[in-house]
Trainee: 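The following block contains the structure, expressed as structure tokens.
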2 protein chains.
Amino acid sequence: MIAETERAEVASCETGQLELAAVLHAMSDPIRLRIVSELNEGGERACGAFNLPITKSTCSHHFRVLREAGVISTRVAGKSRINVLRREALEDRFPGLLDAILHARSD
Amino acid sequence: MIAETERAEVASCETGQLELAAVLHAMSDPIRLRIVSELNEGGERACGAFNLPITKSTCSHHFRVLREAGVISTRVAGKSRINVLRREALEDRFPGLLDAILHARSD
DNA sequence: CACAGAGTTCGATATTTGTCGTACAATGAC
DNA sequence: GTCATTGTACGACAAATATCGAACTCTGTG
């Protein structure tokens, strides 16, 4: 059995360009930007801990987009899913990108 | 009369976050990434000088998205439109973002 | 076991987006 | 002025996206 998370992380890895486009697309939504920003400041957090103005299913959708683009990863912890910003992986492939985005947002 | 270019550049300027989302969205398409990358390397270029695998109207659409997000600006020169990457404006508002994106792409 | 909590998955739907072809506008060349 | 060049504007249309509600899975707890 292949874990969902594994497949998700690999989903868009063909050429460097495609992956970059996927990451940028994942970040180009206000709600997802907010998720990334809060994950950056608050460390690991469960999906429900964001107080987002959307329903559970929409929330789930946004986390999936971020997961499949490789921006975050999710692990199960008891009843909840803990989300983590994949700082190292992002920094490795796109040096400076995450910080540029996070810094711009809080201007 | 308000020039088209002026309106375009101002189109998405409300909050910092919204503008960032617009810029990221503009960059999250392979063709537009290629346009930006070529503009970065080759300096100013006319729309037709990109040899893109799309029709004129689609091409026009992509340049408009980039223009409205503030990523490029366009000026008329004879029969053609010359496109310029708005390096300074981008660097001013989102320090390091453009370079992070351009560097990642050529990995 | 039954039940509540936390997310995911599955349609459904409205909006946005990428693409095209055709028509149009502006400019330089004849 | 007429024509070719360069790009824009305008529908049209298919695919992707954001959103929702309802049904489902998994986990811990009574």
Side-chain angles (χ1 to χ4, degrees), chain A residues 1-9 11-12 17-18 21-36 39 44-69 71-84, chain B residues 1-9 11-12 17-18 21-36 39 44-69 71-84:
Chain A
M1 231 193 296
I2 300 179
E4 288 301 316
T5 313
E6 292 297 333
R7 269 197 307 170
E9 284 177 6
S12 66
Q17 183 184 172
L18 280 183
V23 169
L24 294 177
H25 172 74
M27 303 280 216
S28 70
D29 178 280
I31 290 192
R32 294 196 291 263
L33 265 180
R34 177 170 156 189
I35 292 173
V36 170
L39 273 181
E44 316 190 334
R45 300 179 64 176
C47 301
F50 286 86
N51 257 28
L52 299 169
I54 49 180
T55 63
K56 275 195 307 178
S57 46
T58 304
C59 196
S60 207
H61 160 71
H62 286 302
F63 279 104
R64 177 148 63 133
V65 171
L66 289 170
R67 219 179 299 130
E68 292 185 349
V71 177
I72 68 174
S73 70
T74 305
R75 71 166 191 280
V76 178
K79 281 186 294 189
S80 36
R81 261 81 167 174
I82 305 296
N83 299 286
V84 191
Chain B
M1 230 192 297
I2 300 178
E4 288 300 317
T5 312
E6 291 297 334
R7 269 197 308 172
E9 285 177 7
S12 65
Q17 184 185 170
L18 280 184
V23 169
L24 293 178
H25 171 74
M27 303 280 215
S28 71
D29 177 279
I31 289 191
R32 293 195 291 264
L33 265 181
R34 177 170 157 188
I35 292 173
V36 170
L39 273 181
E44 316 190 335
R45 298 179 65 177
C47 301
F50 286 86
N51 258 29
L52 299 170
I54 49 179
T55 62
K56 278 195 306 178
S57 47
T58 304
C59 196
S60 206
H61 161 71
H62 286 302
F63 279 103
R64 178 149 64 132
V65 172
L66 288 170
R67 218 180 299 130
E68 292 185 351
V71 177
I72 68 173
S73 69
T74 304
R75 71 166 192 280
V76 178
K79 280 186 295 190
S80 36
R81 262 82 167 174
I82 305 298
N83 299 286
V84 191

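Note on naming: letters A, B, ... go to the chains in the order of the sequence lines (proteins, then strands), and numbering restarts at 1 for each one. These numbers were taken from a predicted model, which means no experiment stands behind them.
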Trainee: Using whole Å, report how far CG of L52(A) lies from P of dG7(C).
Mentor: 11 Å
Trainee: Below 4.0 angstrom from OP1 or OP2 of dT8(C), is there any side-chain N or O of S60(A)?
Mentor: yes
Trainee: Return the nearest nucleotide to the side chain of A46(A); candidates are dT5(D), dT8(C), dG7(C).
Mentor: dG7(C)
Trainee: When the nearest nucleotide of DNA chain D is assigned to H25(A) and to I54(A) on a heavy-atom basis, which residue is associated with the more 5' position?
Mentor: H25(A)
Trainee: Taking CD1 from I35(A) and C1' from dG7(C), how many angstroms apart are they, rounded to a whole number?
Mentor: 13 Å
Trainee: Using atom NE2 of H62(B) as one end and atom P of dT16(C) as the other, report the distance to the nearest whole Å.
Mentor: 18 Å
Trainee: Taking CZ from R45(A) and C1' from dA6(C), how many angstroms apart are they, rounded to a whole number?
Mentor: 15 Å
Trainee: Would you mind telling me which of dT8(D), dT19(D), dA6(C) lies closest to the side-chain atoms of R67(B)?
Mentor: dT8(D)
Trainee: I'd like to know if T58(B) reaches the base of dG18(C) with its side chain such that a donor and an acceptor end up less than 3.5 angstrom apart.
Mentor: no
Trainee: Do T55(A) and dG21(D) have a side chain to base donor-acceptor pair shorter than 3.5 Å?
Mentor: no
Trainee: For R45(A), does its backbone N or O pair with a side-chain atom of N83(A) as donor and acceptor, under 3.5 Å?
Mentor: yes
Trainee: When rounded to the nearest 0.5 angstrom, what distance separates SG in C47(B) from CD1 in I72(B)?
Mentor: 7.0 Å
Trainee: Verify side chain to side chain contact (heavy atoms under 4.5 Å, CB included) between V71(A) and I35(A), making sure each step is shown before the conclusion.
Mentor: CA-CA 11 Å; V71(A) 177; I35(A) 292 173; over 6 Å; no
Trainee: Taking only the side-chain nitrogens and oxygens of R81(A), find out if one of them lies under 4.0 Å from OP1 or OP2 of dG5(C).
Mentor: no
Trainee: Please check the phosphate of dA18(D) (OP1 and OP2 only) for any side-chain N or O of R32(A) closer than 4.0 Å.
Mentor: yes
Trainee: Could you tell me how far apart I31(B) (CD1) and dT19(C) (P) are, to the nearest whole angstrom?
Mentor: 5 Å
Trainee: Output the single nucleotide from dA18(D), dG7(C), dG28(D) whose closest atom is nearest the side chain of K79(A).
Mentor: dG28(D)
Trainee: Within the distance-only criterion (no hydrogens, no angle test), does the side chain of R32(A) pair as donor or acceptor with the backbone N or O of A26(A) below 3.5 angstrom?
Mentor: yes
Trainee: Starting from P on dA16(D), measure out to CG on D29(B) and report it in whole angstrom.
Mentor: 13 Å
Trainee: Check whether NZ of the Lys or CZ of the Arg R34(B) lies under 6.0 Å from the centre of the six-membered ring of F50(B) and within 45 degrees of that ring's axis.
Mentor: no
Trainee: Would you mind telling me which residue lines up with the more 5' stretch of DNA chain D, S57(A) or F63(B), judged by nearest nucleotide?
Mentor: F63(B)
Trainee: Separation of K56(A) atom NZ from dG11(C) atom P, in whole Å?
Mentor: 18 Å
Trainee: Please report, rounded to the nearest Å, how far the P atom of dT17(D) is from the CG atom of L66(A).
Mentor: 13 Å
